Chemist: 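Okay, here's the structure, questions in a sec.
Note that this is a predicted model, so its numbers are computed, not measured. So that the names make sense, note that chain A is the first sequence line, chain B the second, and so on, each numbered from 1. These numbers come from the heavy atoms of this one structure, side chains and all, not from hydrogens, waters or symmetry mates.
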Amino acid sequence: MSDNAESPGNKAGKYDHAEVEPRWQKLWEERATFRAERRPGKKKRYLLDMFPYPSGSGLHVGHPEGYTATDIIARYARMRGEDVLHPMGWDSFGLPAEQYAIQTGTHPSEKTYENIATFRRQLKMLGFSYDWDRELATTDEGYVRWTQWIFLLLFKQGLAYQDEIPVNWCPALGTVLANEEVIDGKSERGGHPVVRAPLRQWMLRITAYADRLAEDLAEVEWPEGTLTMQREWIGRSEGAEIEFAVSGHEGAKFSVFTTRADTLLGVTFVVLAPEHPLVKTITTDAQRAAVEAYVAQAASKSDRDRISQAKTKTGVPTGAFAVHPISGEKVPIWVGDYVIGSYGTGAVMGVPAHDARDFEFARQLGLPIVEVVSPDGKLHDVLEAAYVDDGVAVRSGDLDGLPTPDCSRAMVKKLEGMGRGRGKVTYKLRDWVFSRQRYWGEPIPIYFPVELPEGGDPQKGAKAVIRYDQPIAVEESELPLRLPALADFRPGDDAAGPLARALDWRFFQKDGKWYARETNTMPQWAGSCWYYLRFLDPKNDGAGWSKEAYDAWMPVDLYVGGAEHAVLHLLYSRFWHKVLFDAGHVSHKEPFKKLVHQGMILGEDNEKMSKARGNVVNPDDIVKAHGADCLRLYEMFMGPLEAVKPWQSSQIQGVVRFRDRVFAVCSRATNEPLDAETERLLHRTIKKVSDDIDAMSFNTAISAMMVFTNHLNGLPAVPREAALKLALLVSPFAPHVAEELWHLLHGSPAEPSTLAYEPWPTYDVKLTVDDVIEMAVQVNGKVRGHVRLARAATEEDAKAAALAADGVKAFVEGKAIKKFVYVPGRIVNLVVG
RNA sequence: GCCGACGUGACGCAACCGGCAGACGUGCUCGGCUCAGACCCGAGAGGUGCAGGUUCGAAUCCUGCCGUCGGCACCA
């Protein structure tokens, strides 16, 4: 607009982020500005970030994305007078520190606390408003104590038990992995091969909570995709268990699980999983060799092979026959590896006409196909493919004509009456393998009686028989059970773990009897299952958290973290919470009310950031070059929080200019009053920024602030009121420059005051809407002119104005107006012809 | 294969409930400032994956296809 003499160039001074940012951070820290406190009558907000694993490589730019989002909301909420709990901590048990310890011989805690120091420094450098007094690490003794306490609760409730089960044993890592940690037969961490081996393990009975874990998802505000993933992972399936007797084997019978009991009369064969216990006993001599070979081959196949060959169905007949529970006919019993031993009963009834897999199996092995569900009620003798949809029953005796759902119910009832079946619900979810054969984890606070057949001292290597069948809980008063000092952290190759080598820790005497401690440790998930509860009351020595602290802050109002935790962490955590709920330790069914996943930040090459690709951006470099405010602004300006988006260094320039412009514009504020236009834009901006923060649409909020800043920049004199409000609006996003401006605009008092608790600017709705609007006039849907109209203009006024508009006449003249569309405030459309 | 999300300028992305497509930012071009360059200031160019449909009007709704990303993967 105008170039006045005092425009940039000779302004007060350039903004120096390297000097300003640490100065304010120091002040916040010294004054404990962000200490979380509850005041009676105030609204509370618990804003939680998924806490990081403090890796050796330090923070990467993905971390501050979610952290900035919650920090903006935290700062905004404080300014709106709410009490905010916004804590940070460390998920610090884990393999990398242990592997580092194995290599160097140093204790894993050394490296762990070193890494934590780096992470803490980096997060503080970004100006997040955490209550650092609540900082915790899952490896702290004061934390481990309560993790163990929760384990004992699980144990006492019968939810923690030992079992000898085939587990995912990873020889390279020297530990077992949860199903969730195995991807395509390889370990999630490191990609090492995983084999199935039977081992004694601690299990958590998460399946006891399967229904509630699925049902209570209705109570939370989570992304739809995450809800779906959890439901599918739980995999609730309603159906029936149906008994088949084995012909010629007195008393031998087995059950199948099906969701389609209505198709029972369509059974032309049954298939047992290769590991089904009955396979051995019923196979005829003639088939024995073939079956044994098949079973052996199936056992050696990796999961990956089984999946990749999923389309080709294989199997061999056992030579035995099952008796159909309804018709009494004999149907052949096959062994096939498309049946999963661990799901349902490990056996299925083959209904090739109405199941795609059975159809495939029957076709490849030449078994008959009998239609029992018809789409139209007519009979079809040749099927091109399995008909899996609902229809009406045919060839099913007295059930003929019933629609599929009714037929299923009738069939189950019938079987129940005959004592040959019952309604049954199964889940894909399995109990959680909770033990790890590692050093750097929480010791499981359990011990066992020891028998010494040859006498002697087990601490000195005397032969000891450990009675694993008689687990004893460590007294709560003895918690935490600490890890022993160890010189060698290598995993044991016998699956007992490195703790088994600490003989003087493992074996101890009590009342003259010898006992042995459990040498397995907990998985990394344990600590992250309940950290949100410890943040409530992190220094409490008498309990994990107090009821007062719980009532003050729970539930978590917003939980932000990566989508990679959509199933594992969130399911485990919810499970523990429900156990605590049943025991009366928490009073909400669900811990996390609202959940948001930040999208991954890709490298400049549009690939996932990784050291191998060399496309990793280091936050330290960005902060050094442009300051924390700019890193925060840039990450929020990149696009929607949930979107996956590439890092583009060149784009940072935009927010650097914005920050400098905000500083420059506000620095030259005068006592000029607000002009009408600026005032309207200010109110509109306040509304937009407030609404966008509520909606977590941070990119558009920044955009609105840029528009306002650009407007002020064009004014010959910047009204002080506009500058003050702008500083407040900017402060959740770029707190350092905002504090500095607030300070300058108040005359740089010797004793600086923070704007962190200044009231958030309010707006007048009347000033955010224009009374007169420029509206487009369309003719046959194409824009031909514009008119200025009152917002509340009548249809007549609009029509008259539209017809008079420049550019419109030429398209309307001489033609009949067939239709007139007027949407007040939006559009005028003349349909002519 | 199944489920979900997405596809807008050279690039990142805006667009409420269908109503002037491209806000905001990067880059580019031109101009100003400057001895010059950088910074800064001002101006400008530039398009809805494809094919249909619904509608006065479609980036938005519907159908099909193509592509990208994420998840699941014989769960009976």
Chemist: With heavy atoms under 4.0 Å as the rule, sort A/Gln651 into base, sugar-phosphate or nothing.
Modeler: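 Since a base atom lies under 4.0 Å of A/Gln651, the category is base.
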Chemist: When the C1' atoms of B/rC20 and B/rA14 are considered, how many whole Å apart are they?
Modeler: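 15 Å, rounded to whole Å.
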Chemist: For B/rA76, does either OP1 or OP2 sit under 4.0 Å from a side-chain N or O belonging to A/Tyr343?
Modeler: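 Answer yes for this pair, as a side-chain N or O of A/Tyr343 is under 4.0 Å from OP1 or OP2.
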Chemist: Only pairs with both distances under 3.5 Å count, Watson-Crick or wobble alike; so what is the partner of B/rG12 in this structure?
Modeler: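 The base-pairing partner of B/rG12, which may sit in any strand shown, is B/rC24.
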Chemist: Counting only side-chain nitrogens and oxygens, does A/Ser650 get under 4.0 Å of the OP1 or OP2 atom of B/rC11?
Modeler: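 It does not, given that no N or O in the side chain of A/Ser650 lies less than 4.0 Å from OP1 or OP2 of B/rC11.
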Chemist: Does a side-chain N or O of A/Arg657 approach OP1 or OP2 of B/rG25 to a distance below 4.0 Å, or not?
Modeler: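 For B/rG25, OP1/OP2 do not have a side-chain N/O of A/Arg657 under 4.0 Å.
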Chemist: Could you work out the separation of B/rG32 and B/rC50 based on their C1' atoms and round it to a whole Å?
Modeler: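 It comes out at 46 Å once rounded to the nearest Å.
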Chemist: Taking the nucleotide of RNA chain B with the nearest heavy atom to each, does A/Val828 or A/Tyr427 sit closer to the 5' end?
Modeler: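 Its nucleotide being nearer the 5' end, the pick is A/Val828.
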Chemist: Suppose we define a pair by two distances each less than 3.5 Å, Watson-Crick or G-U wobble; what does B/rG31 pair with here?
Modeler: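 Matched B/rG31 with B/rC41 under the 3.5 Å cut-off.
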Chemist: Counting any heavy atom closer than 4.0 Å, what does A/Val783 reach on the DNA or RNA strands: base, sugar-phosphate only, or nothing?
Modeler: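 Sugar-phosphate contact only.
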Chemist: OP1 or OP2 of B/rG19 sitting under 4.0 Å from any side-chain N/O of A/Asn829?
Modeler: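 No, outside the criterion.
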Chemist: If the P atom of B/rG18 is compared with that of B/rC62, how far apart are they to the nearest Å?
Modeler: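 It comes out at 11 Å once rounded to the nearest Å.
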Chemist: Do you see a donor-acceptor pair shorter than 3.5 Å between the side chains of A/Asn829 and A/Tyr822?
Modeler: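 Per modelled atom types, A/Asn829 and A/Tyr822 side chains form no pair under 3.5 Å.
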Chemist: Does B/rC50 have a Watson-Crick or wobble mate here (both distances under 3.5 Å), and if so which one?
Modeler: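 Looking at the geometry, B/rC50 pairs with B/rG64.
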Chemist: Using the side chain to side chain contact (heavy atoms under 4.5 Å, CB included) rule, pick out the option among A/Val339, A/Ile333, A/Thr318 that qualifies with A/Val270.
Modeler: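 With A/Val270 as partner, A/Val339, A/Ile333, A/Thr318 yield a single side chain to side chain contact (heavy atoms under 4.5 Å, CB included), made by A/Ile333.
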Chemist: By the 4.0 Å heavy-atom rule, please label A/Asp358 as base, sugar-phosphate, or nothing.
Modeler: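 Here A/Asp358 touches no strand at all.
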Chemist: Does A/Lys818 contact B/rC56 through a side-chain donor or acceptor facing the base, at a distance under 3.5 Å?
Modeler: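 It does not, because no donor-acceptor pair links the side chain of A/Lys818 to the base of B/rC56 below 3.5 Å.
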Chemist: Given A/Val335, which partner from the list A/Leu278, A/Val271, A/Val279 fulfils the side chain to side chain contact (heavy atoms under 4.5 Å, CB included) test?
Modeler: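 Of all the options given, the one that passes is A/Val279.
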Chemist: Can you find a donor-acceptor pair, distance only, under 3.5 Å between A/Arg661 side chain and B/rC40 base?
Modeler: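 No.
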Chemist: Just to be sure I understand the rule, does A/Val644 reach a base, reach only the sugar-phosphate, or reach nothing, if contact means heavy atoms closer than 4.0 Å?
Modeler: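 Sugar-phosphate contact only - A/Val644 comes under 4.0 Å of backbone atoms but never of a base.
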Chemist: If I pick the C1' atom on B/rU48 and the same atom on B/rC41, what distance separates them, to the nearest angstrom?
Modeler: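 After rounding to an integer number of Å, I get 33 Å for this pair.
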Chemist: On RNA chain B, check which nucleotide each of A/Gly825 and A/Glu232 is closest to and give me the residue with the more 5' one.
Modeler: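 Upstream on the strand: A/Glu232.
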Chemist: I'd like the C1' distance from B/rG46 over to B/rU8, given in whole Å.
Modeler: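 Per the computed distance, 13 Å lies between those C1' atoms.
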Chemist: Are A/Ser703 and A/Thr700 linked by a side-chain donor-acceptor pair shorter than 3.5 Å?
Modeler: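 Judged by distance alone, the side chains do not pair up.
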Chemist: Need one value for A/Glu224: base, sugar-phosphate or nothing, where a base atom within 4.0 Å counts as base even if backbone is also close, heavy atoms only.
Modeler: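 No contact.
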Chemist: With a 4.5 Å limit on heavy-atom distance, are the side chains of A/Trp647 and A/Glu635 in contact?
Modeler: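 Counting from C-beta outward, A/Trp647 and A/Glu635 do come under 4.5 Å.
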Chemist: With P as the reference atom in both, quote the distance from B/rA43 to B/rG25 in angstrom, rounded to an integer.
Modeler: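 It comes out at 12 Å once rounded to the nearest Å.
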Chemist: Sticking with atom C1', work out how far B/rG1 lies from B/rG57, rounded to a whole angstrom.
Modeler: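 It comes out at 40 Å once rounded to the nearest Å.
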Chemist: For atom P, what is the distance between B/rA10 and B/rC17, given to the nearest Å?
Modeler: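 So the two P atoms sit 28 Å from each other.
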Chemist: If we ignore angles and hydrogens, is there a donor and acceptor under 3.5 Å between the side chains of A/Thr426 and A/Tyr343?
Modeler: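 Short answer, yes.
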Chemist: Between A/Asn699 and B/rA23, does any side-chain N or O lie under 4.0 Å from OP1 or OP2?
Modeler: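 Result: no.
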